[in-house]
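Computed over heavy atoms, backbone and side chain alike; hydrogens, waters and symmetry mates excluded. The sequence lines fix the lettering, A, B, ..., with proteins before strands; numbering per chain opens at 1.
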There are 2 protein chains.
Amino acid sequence: MRKRKEEIIDLAMGLVKSRGFDSFSYSDLSKKLGIAKASVHHHFPTKEDLGMAILENFCETLTALYDELNESDLTPWEKLDKYMARFAEYIENGAICPLSSLQAEANVISEAMRDSLREIEEYEIYFVSGILEEGRERNEMKFDGSPSETAGFLVSAMKGAVQQARLHGTDFFTNSVSTLKNMLKP
Amino acid sequence: MRKRKEEIIDLAMGLVKSRGFDSFSYSDLSKKLGIAKASVHHHFPTKEDLGMAILENFCETLTALYDELNESDLTPWEKLDKYMARFAEYIENGAICPLSSLQAEANVISEAMRDSLREIEEYEIYFVSGILEEGRERNEMKFDGSPSETAGFLVSAMKGAVQQARLHGTDFFTNSVSTLKNMLKP
DNA sequence: GTCTATAAATGGATAGAC
DNA sequence: GTCTATCCATTTATAGAC
């Protein structure tokens with residue numbers, strides 16, 4: 001069995017993605033884990049502690065994925081596909097990107113969480129920006145504006161599409177994906 | 001003075017846009033209005049009643065705007081500009097589109113609210129779809145795919161950009177707007 | 001329509017035993 | 001690490017007087 005702490009983070013992360021941070025409780029976690037509420041508090045004394053841990057954990061997940069892709073010999077298009085594939089998983093689970101979820105609650109979460117959220121989002125855009133830059137250098141992608149501007153647009157459009165898809169069906173998402181990819185074709 | 005009911009809806013709508021539906025309370029409303037919590041319950045017995053009223057009211061607001069634009073002699077591009085202008089207001093107020101906010105809470109709100117939300121979003125896409133169709137017929141706009149597919153992409157990309165802009169600055173939004181408009185240029 | 005009072009449930013959080 | 005027990009604040013919601 002994994003470490004309890006990891007287990008709690010995973011569970012909480014699932015709830016953030018499907019319900020939001022403010023809308024789940026220690027009670028939800030304790031029930032799903034089959035332990036007492038106080039036991040959850042033992043691992044994460046306050047909900048903010050848990051929130052920060054969720055963000056840090058997600059940042060590590062992204063780092064692992066991005067490092068793997070950066071160190072691979074995949075083409076920019078293949079990297080982009082791998083990046084985009086993750087969002088399809090959210091939809092399948094009736095969820096959205098956890099960063100989108102927390103974004104919608106930006107005025108409710110603590111400043112520390114908001115800062116962490118912002119930082120991770122910048123990191124994500126920076127990563128996508130790198131893919132686009134490489135694609136353009138190789139003459140495999142084409143776009144107006146800077147790589148980082150284009151990446152910012154692409155990332156926010158993807159996440160908007162995921163949110164939309166939860167209520168309106170997966171086609172909404174696949175359509176956005178192909179539209180975005182067409183935009184980048186030389 | 002406006003009707004209390006309207007006043008409560010407006011106030012609640014503001015809180016949905018900036019904080020989300022689950023994260024504001026009757027207490028928030030009563031304090032801002034200077035009346036007792038029970039007085040708010042008099043107008044909207046349950047929070048779901050209030051939630052439904054918020055959605056219906058927003059639908060009326062959209063209908064008024066869309067009807068006005070449809071009956072005007074504005075060009076498709078001018079209509080699109082007017083449509084997009086509303087989103088800039090959200091950002092200025094540290095808010096996001098109320099539909100985006102509720103979307104993020106899709107698994108938390110009631111089924112009735114979810115259905116209403118979905119319906120309004122379809123209506124919005126249908127409206128934008130009309131603008132795009134007219135633009136293409138007049139040879140003033142150009143896009144691959146159907147008008148409704150393109151409208152779905154445009155709407156979700158706009159809302160994603162608004163969410164992103166709240167944490168990363170207005171430039172994020174203006175950049176997305178110009179990218180989307182460039183996509184449609186013939 | 002508005003008030004006070006209050007119920008009933010839930011949420012986050014802590015103390016102290018095992 | 002986990003438990004029971006408990007605290008305190010908040011939340012939704014209702015009863016009944018003015």
Open item on the list: With a cut-off of less than 4.0 Å, is there a side-chain N or O of B/Ser27 near OP1 or OP2 of D/dT10?
Closed with: no
Between CG of A/Leu15 and C1' of C/dG12 the distance, given in whole Å, is 16 Å
(request) Determine the contact category for B/Ser39: base if any of its heavy atoms lies under 4.0 Å from a base atom, sugar-phosphate if only primed atoms, P, OP1 or OP2 are that close, otherwise nothing. (result) base
Atom OH of A/Tyr26 and atom C1' of C/dA9 are separated, to the nearest Å, by 20 Å
Next on the checklist: Between the base of D/dT12 and the side chain of B/Lys37, is one N or O donor paired with an acceptor at under 3.5 angstrom?
Outcome noted: yes
salt_bridge(B/Asp28, B/Arg19) N-O dist < 4.0 Å:
no
Rounded to whole Å, the CG-P distance (B/Asp22 to C/dG11) equals 10 Å
Can you confirm if the NZ or CZ of B/Lys47 lies within 45° of the ring axis of B/Phe24 and under 6.0 Å from the centre of its six-membered ring?
yes
Atom CD1 of B/Ile109 and atom P of D/dT12 are separated, to the nearest Å, by 15 Å
| Polar side chain donor-acceptor pair, B/Thr179 to B/Asn182, under 3.5 angstrom | no
- Message: Counting only heavy atoms not in B/Tyr123 (residues, nucleotides, ligands), do more than 12 fall under 6.0 Å from its OH?
- Response: yes
task = May I ask you to decide if the ring planes of B/His41 and B/Tyr26 are parallel, tilted or perpendicular, using 30° and 60° as cut-offs?
result = parallel
Side-chain ion pair, A/Lys159 and A/Glu124, N-O less than 4.0 Å
yes
A/Leu33 CG to D/dT2 P, in whole Å, measures 9 Å
Taken to the nearest whole Å, CZ/A/Phe21 to P/C/dG12 is 9 Å
B/Glu6 CD to C/dG1 P, in whole Å, measures 12 Å
Residues in residues 41-57 of chain A with a heavy atom under 4.0 Å of DNA chain D, by number, are A/His42, A/His43
Out of D/dT4, D/dT2, C/dT4, minimum distance to the side chain of A/Ala36 belongs to D/dT4
Practice prompt. Validate the cation-pi geometry between B/Lys17 and B/Tyr90: distance from NZ or CZ to the six-membered ring centre under 6.0 Å, angle to the ring axis within 45°.
Written response: no
